[in-house]
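A quick note: this is a predicted structure, and the numbers were derived from the prediction, not measured. Each chain gets a letter, A, B and so on, in the order the sequences are listed, and its residues count up from 1.
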There are 2 protein chains.
Amino acid sequence: MAAAIHPQLDFIHLREKQRSARELLDMTGKLLLAGVPSSKLVINDRVDVALAAGAAGVQLAWHSLPLSAARAAAPVLRLGKSVHSVQEAEEAGRQGADFCLFGHVFPSVCKPGQQERGLAQLADAVRVCGIPLIAIGGITPANTGLVLRQGAAGIAVMSGICSADDPLAAIRAYRRAVIQAEDKGGEGA
Amino acid sequence: MAAAIHPQLDFIHLREKQRSARELLDMTGKLLLAGVPSSKLVINDRVDVALAAGAAGVQLAWHSLPLSAARAAAPVLRLGKSVHSVQEAEEAGRQGADFCLFGHVFPSVCKPGQQERGLAQLADAVRVCGIPLIAIGGITPANTGLVLRQGAAGIAVMSGICSADDPLAAIRAYRRAVIQAEDKGGEGA
C-alpha cells in the first residue's frame with residue numbers, strides 16, 4: 001500500500017499518538033522498506049524518533065517540545081507546528097517553525113462538535129504566519145481549490161483518505177484537485 | 001526540595017511516563033533553576049527531551065528507541081538500559097549501553113505480585129553485562145551493603161525515598177549505607 005501511494009504524496013505524516021518510540025521506529029522502518037523515501041516522512045511529536053528514522057521533519061503540537069528546544073535538539077529536522085488560530089499561526093512563524101499545519105478548516109469527523117476555522121481565518125493565518133501553511137480538516141477534492149486559493153501551501157488529509165473505500169483512488173482525486181488548482185493559479189498570475 | 005536533596009544524589013532520574021515532552025522539559029527547567037546540575041539529570045525514554053534539557057543521559061525501556069537508534073539520534077548522551085534478567089543485562093552490555101538498571105532485586109511495592117530477581121541473579125547480571133549495573137527494587141539502607149557487595153555500581157531508589165515521611169532523611173540514610181559499603185569494600189580489597 002505504502003509503495004503504491006507514496007508517489008502521489010509529498011509527505012507522509014505518522015500521527016500515532018499512542019505508539020511507543022520503538023513502535024514508531026518500526027513503522028518508519030516498514031515504510032522505508034516499502035520504498036517510501038525518508039525525505040517524505042514527518043513524525044508527530046517525537047523528535048528523537050524523527051532523528052533516528054532519518055525523517056524529513058517532525059510535527060510539534062502544544063504538548064510537544066517548544067520550537068526552540070526542538071531546534072536545539074535536532075538542527076537537521078524541518079519543524080512543523082500545529083496551530084488552531086490566526087494568533088497561533090503568527091506565533092509559529094515568529095518562533096521559527098519551518099511550516100505550520102492549520103485547522104480544522106471545515107467541519108471534520110476528526111473534530112466532532114468543534115467549531116471549524118473557516119476560509120477567512122485560513123486566509124488571515126496565511127497572511128500573518130509568513131511560513132508555508134498546510135491546511136487540514138474536512139478538506140475534500142471538491143473544496144481543495146478553494147483552500148489553495150486562500151494561499152495555503154498545501155493540504156493535509158486524514159479521514160478523507162484513511163476512511164475512504166479506496167484510499168488510492170481518493171489520493172488520486174486529491175492530487176488532481178491540487179494540480180488543477182495550481183494550473184488555475186498559474187493562469188491567473 | 002530539589003536544592004536540598006541533589007547534593008546527596010549522583011543522579012536524578014525523571015520517570016514520569018504520563019507526562020508530555022513539554023511537561024518533562026518544564027520539570028527539568030525547574031530542577032535546573034533549583035540548582036540541580038544538568039549533569040545529574042537522566043530522563044526516561046525521551047531522548048529528545050534529554051537533548052533539549054542538556055541532561056546527562058536517558059534511560060531506555062523495552063518500548064523506547066533501541067540502543068543503536070538512540071545512539072545515532074544523540075551521540076552526546078549517556079544511554080542506560082532497563083533490564084529485568086541476566087540475559088537482558090548481557091544484551092545491554094553487548095549492544096553498547098553505558099549502564100543498565102537491573103531489577104527488581106527485592107520485593108517492591110512498585111512491582112506488587114511480581115517475583116523479585118534476588119541477589120544471585122544480580123551477581124550474575126553484574127558478571128555478564130560488563131557495564132556499570134545499578135540495582136533497583138526494594139532496596140533499603142539496611143540491604144544496600146549486600147547489594148553493592150554483589151558488584152552493583154550503585155543503587156536506584158523510588159518509593160524508599162518518595163514515599164518516606166522525611167525524604168531528605170531517607171536519602172541521607174541511603175547515602176550513609178553506600179559510603180559504609182564503599183569503606184568496607186576498600187578495607188577488603
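- Only the side chain of B:Leu25 comes within contact range of chain A, with at least one heavy atom under 4.5 Å from a heavy atom of that chain.
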Would you give me the side-chain donor-acceptor pairs under 3.5 Å for residues 149-169 of chain B, sequence neighbours excluded?
unit_1   : atom_1 : unit_2   : atom_2 : d
B:Gln150 : NE2    : B:Leu146 : O      : 3.0
B:Asp166 : OD1    : B:Leu168 : N      : 3.3
B:Asp166 : OD1    : B:Ala169 : N      : 3.1

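- Hydrophobic clustering (side-chain heavy atoms under 4.5 Å, transitive across Ile, Leu, Val, Met, Phe, Trp, Tyr) keeps B:Val42 apart from B:Ile136.
- Two residues are said to be in side-chain contact when any heavy atoms from C-beta on lie closer than 4.5 Å; B:Arg46 and A:Asp45 meet this criterion.
- The cluster map of Ile, Leu, Val, Met, Phe, Trp and Tyr, joined by side-chain heavy atoms under 4.5 Å apart, puts B:Tyr174 and B:Phe106 in the same cluster.
- Of the listed residues (B:Ala69, B:Ala21, B:Ser68), the greatest number of heavy-atom pairs within a distance under 4.5 Å of chain A belongs to B:Ala21.
- Minimum heavy-atom separation, A:Arg22 to B:Pro66: NH2-CA, 3.6 Å.
- By the 4.5 Å heavy-atom criterion applied to side chains, B:Leu51 and A:Val47 are not counted as neighbours.
- Follow the hydrophobic side-chain contacts under 4.5 Å out from B:Leu32 and you reach B:Met27 in the same cluster.
- In this structure, CG on A:Leu65 lies 5.0 Å from CG on B:Asp48, to the nearest 0.5 angstrom.
- Within a 6.0 Å radius of CD in B:Gln87, other residues, nucleotides and ligands contribute 12 heavy atoms or fewer.
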